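My questions all concern the structure below.
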Amino acid sequence: AKQADVGSTVQGERRIIKEKGNLDDQTKKKLALLGNGYLSGIVVEAYNMGLLEGYKLTGILGRTKEKTEALAAKAGCRACSTIEELMEDKPDYVAEAASVKSIKDYAKTILCQGASLVVLSIGAFADQEFYEQAKNCAMEHGTRIYLASGAVGGFDVLRTTSLMALAQKMKAEGLSASEAGSLDGYLTAGISTRKGPASLMGTPVFKDYFMTDPEEAAAFSGSAKEAIGLLPTKVNVAVASSLATAGPDETTVDITSVPGMAGDDHKITAKIGGPDEVEAVVDIYSRTSAIAGWSIVAVLRNILSPVVF
């Protein structure tokens, strides 16, 4: 009888633990991943480490079946081959670490089906028409677009400086926020990028002598809009910086080829004059792209945090 009582007690405890686990899963936000590469692997690693404890990973969509299945197995979630499959589980959030094309292909579907989107390939929003369409989808369906900082950061101080410039123009010219338009003359913004010559190969700005010249060489100088036109897959940082500050037309971009350099160094500046003069400088060096993957994790943690940075 005593053994039966002990057995019943153990089974009851197991049932309670199982029910509690199921309840915990029900209270977690559903998360899906777009992309099956190195950066998505970082998100899965963070998930398995317990750094995304408020989420339940439901699915991963990638271009190659084998890689998607391997990553999904690590995450203990579904490997998906279509966006329809990914959205079947009704995720609350979809985190993208894939490509500009994937954002252009899937962003509106994701947003219009009730999921908010964490975007790493911010270069997709260099297309102003697409940017407005995505924003409208989010507004109409109560979802949000979160821009991951990627290889840079400091968007808060850059946006604050830009807001101060907007307020200066509104006061000086007697305009409403919707009438203000360009901040030219009130805000100066730019990004300077230093990188190794090999990373520029295959782009219109690459020159053969970059590989042999012992001196640094200017690869590009112009507006963010011009940089986007020339380097559509290389300017996520420039697009993010311009969206946070003066816009693609008025944000300057300088790219320098540095012999022997590993990684990237991005220096972003935003400056306003007047009695409340501010010069914000964000300078970040990263040897690898790992910081971009971890920036997605940081955004996801921030979304659910009771204290938001």
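Remember, it's a predicted structure, so these values are computed and weren't measured experimentally.
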Mind checking what makes side-chain hydrogen bond (donor to acceptor under 3.5 Å, both in side chains) contact with Glu277, not counting sequence neighbours? none
Between the side chains of Lys30 and Asp92, is the shortest nitrogen-to-carboxylate-oxygen separation below 4.0 Å, so that they form an ion pair? no
Check step by step if side chain to side chain contact (heavy atoms under 4.5 Å, CB included) holds for Ile272 and Thr188. CA-CA 7 Å; Ile272 60 171; Thr188 304; over 6 Å; no
Test: ring pair (Phe, Tyr, Trp, His ring centres under 6.0 Å). Region: residues 131-169. Which pairs qualify, not counting sequence neighbours? Phe125-Tyr131
Expected list for residues 252-266: side-chain donor-acceptor pairs under 3.5 angstrom, two or more places apart:
from   : atom 1 : to     : atom 2 : distance (Å)
Asp254 : OD1    : Ser221 : OG     : 2.7
His266 : ND1    : Thr193 : OG1    : 2.9

For Glu129, is the CD atom crowded, meaning more than 12 foreign heavy atoms sit under 6.0 Å from it? no
In short, Ala115 meets Pro91 closest at the heavy-atom pair CB-O, 3.3 Å
Under 3.5 Å, side-chain donor or acceptor atoms of residues 71-78 against the rest of the protein: list the pairs with distances, not counting sequence neighbours.
from  : atom 1 : to    : atom 2 : distance (Å)
Arg78 : NH1    : Glu85 : O      : 3.4
Arg78 : NH1    : Glu88 : OE1    : 3.0
Arg78 : NH2    : Glu88 : OE1    : 2.8

Do Glu216 and Arg194 pass the salt bridge (charged side-chain N to carboxylate O under 4.0 Å, His left out) test, and can you show the C-alpha distance, the side-chain angles, and the key distance before you say yes or no? CA-CA 9 Å; Glu216 296 182 7; Arg194 294 159 53 82; 2.9 Å; yes
Treat each ILVMFWY residue as a node, draw an edge where side-chain heavy atoms are under 4.5 Å apart, and state whether Leu39 and Val119 are in one component. no
Work out which heavy atom in Ala165 is nearest to a heavy atom in Leu187; give both atom names and the distance. CB-CB, 3.7 Å
Return the minimal non-hydrogen interatomic distance between Ala148 and Val118, and the atom names on each side. CB-CG1, 4.4 Å
Check against side-chain hydrogen bond (donor to acceptor under 3.5 Å, both in side chains), Asn36 and Thr68: CA-CA 5 Å; Asn36 62 10; Thr68 304; 2.9 Å; yes
For Val235 and Ile122: C-alpha separation, side-chain torsions, deciding distance, then whether side chain to side chain contact (heavy atoms under 4.5 Å, CB included) applies. CA-CA 8 Å; Val235 289; Ile122 301 172; over 6 Å; no
Taking the side chain as C-beta and beyond, is there a heavy-atom pair between Val282 and Lys267 under 4.5 Å? no
By side-chain hydrogen bond (donor to acceptor under 3.5 Å, both in side chains) - contacts of Ser182 (at least two apart): Glu250
Decide yes or no for Tyr186 and Leu166: does some side-chain heavy atom of the first lie under 4.5 Å from some side-chain heavy atom of the second? no
I'd like to check Val152 versus Ile268 (side-chain heavy atoms, cut-off strictly below 4.5 Å). Are they in contact? yes
Taking all heavy atoms of Cys80 and all of Gly59, pick out the closest pair and write down the distance. SG-CA, 4.4 Å
Hey, could you give me the CG/OG1 distance between Leu86 and Thr58, rounded to the nearest 0.5 Å? 6.5 Å
Quick one: are Met211 and Phe206 in side-chain contact, heavy atoms under 4.5 Å? yes
Any side-chain heavy-atom pair of Thr161 and Lys271 under 4.5 Å: no
Residues Ala280 and Val157: closest non-hydrogen pair is CB-CG2, 4.1 Å
Check against side chain to side chain contact (heavy atoms under 4.5 Å, CB included), Arg287 and Tyr285: CA-CA 7 Å; Arg287 188 177 183 87; Tyr285 166 77; 3.5 Å; yes
Taking the side chain as every heavy atom from C-beta outward, state whether Ile191 and Val237 have any pair of such atoms under 4.5 Å apart. yes
For Lys90, does the NZ atom have more than 12 heavy-atom neighbours from other residues, nucleotides or ligands under 6.0 Å away? no
The reported gap from NZ in Lys207 to CG in Leu200 (rounded to nearest 0.5 angstrom) is 10.0 Å
Val239 and Gly123: which non-hydrogen atoms are nearest, and at how many Å? CG2-CA, 3.8 Å
I need the Met201 CE to Asp208 CG distance, nearest 0.5 Å. 8.0 Å
So do Leu111 and Ile145 actually touch side chain to side chain, heavy atoms under 4.5 Å? yes
Lys65 meets the side-chain hydrogen bond (donor to acceptor under 3.5 Å, both in side chains) criterion, sequence neighbours left out, with none
Phe220 versus Leu230: any side-chain heavy-atom pair under 4.5 Å? yes
Taking it one step at a time, do Tyr47 and Val297 satisfy side chain to side chain contact (heavy atoms under 4.5 Å, CB included)? CA-CA 9 Å; Tyr47 178 76; Val297 178; over 6 Å; no
